[in-house]
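Below is one structure, written out as C-alpha cells, with a few remarks after it.
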Amino acid sequence: MYNKLPRSFYERDPLIVSMELLGKLLVRKKKKGEVVGKIVETEAYIGPHDKASHAYGNKMTKRTLVQFGERGHTYIFKIYGIHHCFCVVVGPRYTPAVTLIRSVEPVKGVKLMKKNRGLNNNVSIIRLTNGPSKVCQAFEITKELNGIDLCGEDIFICEGAKFTFEVGKSKRIGIDYAEEYKDVLWRFYIKNNKFVSKKQKE
DNA sequence: CGACCGATCCTC
DNA sequence: AGGATCGGTCGT
C-alpha cells in the first residue's frame, strides 16, 4: 500500500535528494498506531567540506559512523541534552552526507502525535511538528533508531500524493559557526506551507 | 577524567 | 533574551 522510496533515491546528489524529499511521506509504525507526515522542510549537511557538518573533514567517530555507511539509513542524534534530530544518510557511497528533516505536515495519527508531544488533544496542529525536535517527539524517534534502514518496516519514507508546489531555498538554521558555509542555501521548504518551522532570509 | 558546547524549544 | 540538560568529543 505504501510505495517506499528505493535505496537508489538516496544515492544521489545530497542537494537534489534534500529538495526531492519535500512532499514525500514519513511513516512511523508502532503497535499502538501509525503516524504519517508530509515532509515540508529539509536541510543538507554535506560532510567532508561543510563546516556545519558533524562529519566535516571526514571526521569519523562513534557518532558520525553511520554517515559513512549505507545510504537511506537514519542518522539520529541528541542535542542540548534534551532534543533529538532526525536525518537521512544521502549522497554517493560512501561519503558522509545527510538530509535533516526539519518539519512535516501532519497527515495521519494527529491524536497520537499530540499525545506523544504531551499536548492537549484540542490544541492547534500548526506547531505540532514544525521543527526537528518536534518531529522526533511526535514520531517517537529516539537514538534507539539510529543507523536503521529506512527501507525497513519501523520507519520509512514513501511517495506522497501528487501535488505541485514551489521550492523555497534559504540559509540553514542554527549554524552561525560554520564560517563560509553558514550562508549557503541548503535549506529547502515548500513555499506557502503553514507547517514550515520559521522564516529565514534567502 | 574534566571541560566544553550544541543542526532546539519553551518561557519570560 | 535566557535557560534547560547531557552525551559526544577532545585535551590533559
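In what follows, chains are A, B, ... by sequence order, proteins preceding strands, each numbered from 1. These numbers come from a predicted model, not from an experiment.
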Using OP1 and OP2 only, check whether a side-chain N or O of [X] sits under 4.0 Å from [N].
X: A:T61; N: C:dG8; result: no
X: A:R102; N: B:dT8; result: yes
X: A:Y177; N: B:dA7; result: yes

Classify the nucleic acid contact of [X] as base, sugar-phosphate or nothing, counting any heavy atom under 4.0 Å across all strands shown.
X: A:R172; value: nothing
X: A:R117; value: sugar-phosphate
X: A:I82; value: base
X: A:H54; value: base

Heavy-atom neighbours of A:R12 CZ exceed 12 at 6.0 Å:
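Counting neighbours around CZ of A:R12, more than 12 heavy atoms of other residues, nucleotides or ligands fall under 6.0 Å, so yes.
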Send over the distance from [X] [atom1] to [N] [atom2], rounded to a whole Å.
X: A:Y75; N: C:dG7; atom1: OH; atom2: C1'; answer: 12 Å
X: A:I173; N: B:dC9; atom1: CD1; atom2: C1'; answer: 13 Å
X: A:L119; N: B:dC10; atom1: CG; atom2: C1'; answer: 12 Å
X: A:L128; N: B:dC10; atom1: CG; atom2: C1'; answer: 15 Å
X: A:K62; N: C:dC10; atom1: NZ; atom2: P; answer: 14 Å
X: A:Y56; N: C:dG8; atom1: OH; atom2: C1'; answer: 19 Å
X: A:R63; N: B:dA7; atom1: CZ; atom2: P; answer: 7 Å
X: A:R127; N: B:dC10; atom1: CZ; atom2: P; answer: 10 Å

Let's see if you can work this out: which of [options] has an atom nearest to the side-chain heavy atoms of [X]?
X: A:T64; options: B:dA7, C:dT9, B:dT8; result: C:dT9
X: A:L100; options: B:dA7, B:dC10, C:dT9; result: B:dA7
X: A:K78; options: B:dA7, C:dG8, C:dG7; result: C:dG7
X: A:K143; options: C:dT9, B:dA7, C:dG8; result: C:dG8

Could you let me know what C:dT5 is paired to, Watson-Crick or G-U wobble, both distances under 3.5 Å, or none if it's on its own?
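Paired with no nucleotide.
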Considering every strand shown, what is the Watson-Crick or G-U wobble mate of B:dA7 when both distances are under 3.5 Å?
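Because no pair has both required distances under 3.5 Å, B:dA7 counts as unpaired.
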Counting distance only, does the side-chain N/O of A:H84 pair as donor-acceptor with the main-chain N or O of A:C136 below 3.5 Å?
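Such a contact is absent between A:H84 side chain and A:C136 backbone.
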Whether the side chain of A:K114 engages the backbone of A:V110 through a donor-acceptor N/O pair (distance < 3.5 Å, no angle test) should be reported.
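Between the backbone of A:V110 and the side chain of A:K114 there is no qualifying donor-acceptor contact (under 3.5 Å).
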Please find the pair of heavy atoms, one from A:Y56 and one from A:K51, that lie closest to each other, and give the distance.
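A:Y56 and A:K51 have their closest heavy atoms at OH-CE, 3.4 Å.
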Would A:Y45 count as stacking on B:dA7 if stacking means ring centres less than 5.5 angstrom apart and planes tilted under 30 degrees?
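Yes, aromatic ring over the base.
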Of A:G81 and A:V135, the one whose closest DNA chain B nucleotide lies more 5':
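By nearest-heavy-atom nucleotide position, the 5'-most residue is A:G81.
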For A:K78 and A:H83, run side chain to side chain contact (heavy atoms under 4.5 Å, CB included): C-alpha distance rounded to whole Å, both residues' side-chain angles, the deciding distance at 0.1 Å, then the answer.
CA-CA 5 Å; A:K78 211 173 182 186; A:H83 302 295; over 6 Å; no
Considering only NZ, NE, NH1 and NH2 on the basic side and carboxylate oxygens on the acidic side, decide whether A:K32 and A:E140 come within less than 4.0 Å.
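A:E140 and A:K32: salt-bridged.
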